[in-house]
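A short write-up of the structure that comes next.
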There are 2 protein chains.
Amino acid sequence: MKNSIKVERAKKNITQAELAKLAKVSRQTINAMELGKYVPSTVLALRLAQIFDVEISEIFTLEDSDWV
Amino acid sequence: MKNSIKVERAKKNITQAELAKLAKVSRQTINAMELGKYVPSTVLALRLAQIFDVEISEIFTLEDSDWV
DNA sequence: ACTATTTGACAAATAAACTTTACATTTAGT
DNA sequence: ACTAAATGTAAAGTTTATTTGTCAAATAGT
């Protein structure tokens, strides 16, 4: 699963720490997520979409490997 | 988090077992999800949206309690 | 160059998602 | 009423998300 959180964050011009606060998660969670180290829960994904005011599909996209 | 998987499934007229196969999870996972017993992972949520050909936000909606 | 801020990274712990197996209950068809 | 299919439920186990704490590396401002 790919995500464009870093890009959305850049658009809003906020730091990982600030986004973490808005999304109510730890900064490490945002960081690891941006680096593709793991996939956020659906609740967090929905929160982020709401924060960035975009559809989830605009931020998160499935890859072929996600269907194995 | 609420979801309308049961409704989407009804639209397609398929059983939990059939959806489970399409989404590549166990039938119990679909069942528990429909009953609100737990929230699917983002990967599974994206898979379901793709299967039903709708936006994730059409299936999954945040509730106030998801922001606590 | 110095300093502060931001980001990347790791480890240990907890919580939550998901699987498998198995059984009970409900629903629909005949 | 009988039967088969579909759905609900539960326990035990595995995997993955998330937290907290901590430190190193990179970036930006002065």
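Per chain, numbering begins at 1; letters A, B, ... match sequence-line order.
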Problem set entry | Nearest-angstrom distance from the residue atom CD1 of Ile5(A) to P of dA17(D) | 13 Å

Problem set entry | Ser57(B) and Glu55(A) side chains, donor-acceptor separation under 3.5 Å | yes

Exercise. Is the shortest side-chain N/O distance from Ser41(A) to OP1 or OP2 of dA17(C) below 4.0 Å?
Worked result: no

Problem set entry | N/O (side chain, Gln28(A)) to phosphate O (OP1/OP2, dA17(D)) under 4.0 Å | no

For this session: Rounded to the nearest angstrom, tell me the gap between atom CD in Gln16(B) and atom P in dT19(C).
Result: 14 Å

Exercise. So which nucleotide from dG8(D), dG8(C), dT20(D) ends up closest to the side chain of Leu35(B)?
Worked result: dG8(D)

Seminar exercise, completed: Among dT7(C), dA6(D), dG8(D), the one nearest any side-chain atom of Thr15(A) is dT7(C)

Problem set entry | N-O pairing of Lys12(A) and Glu18(A) below 4.0 Å | no

Exercise. What's the closest nucleotide to the Leu44(B) side chain, out of dA9(C), dC18(C), dG8(C)?
Worked result: dC18(C)

For this session: Figure out the CG/P separation between Asp66(A) and dA17(D), and round it to whole Å.
Result: 11 Å

Exercise. Quick one: is dG8(C) close enough that its OP1 or OP2 comes under 4.0 Å of any side-chain N or O from Lys6(A)?
Worked result: yes

Problem set entry | Gap between atoms NZ and C1', on Lys24(A) and dT20(D) respectively (whole Å) | 19 Å

Exercise. Any side-chain N or O of Thr29(A) less than 4.0 Å from the OP1 or OP2 oxygen of dT18(D)?
Worked result: no

Problem set entry | Cluster link Leu35(B) to Ile30(B), ILVMFWY, side chain under 4.5 Å | no

Exercise. Can you find a heavy atom in the side chain of Leu44(B) that is under 4.5 Å from one in the side chain of Thr42(A)?
Worked result: no

Exercise. Which whole-number value in Å describes the distance from Leu19(B) CG to dA6(D) P?
Worked result: 13 Å

Exercise. Is the phosphate of dT7(C), meaning OP1 or OP2, less than 4.0 Å from a side-chain N or O of Asn31(A)?
Worked result: no

Exercise. For the pair made of NZ in Lys12(A) and C1' in dT6(C), what is the distance, rounded to whole Å?
Worked result: 19 Å

Exercise. 5'-most contact on DNA chain D: Met33(A) or Glu18(B), nearest heavy atom basis?
Worked result: Glu18(B)

Problem set entry | Nucleotide dA15(C), atom C1' - distance to OH of Tyr38(A) in whole Å | 12 Å

Exercise. Taking only side-chain nitrogens and oxygens of Arg9(B), does any of them come within less than 4.0 Å of OP1 or OP2 of dA6(D)?
Worked result: no

For this session: Starting from C1' on dT19(C), measure out to CD1 on Ile30(B) and report it in whole angstrom.
Result: 13 Å

Exercise. Do you know the tightest heavy-atom contact between Ala23(A) and Leu48(A)?
Worked result: CB-CD2, 4.0 Å

Exercise. What about Arg27(A), does its side chain sit under 3.5 Å from the base of dG21(D) through a donor-acceptor pair?
Worked result: no

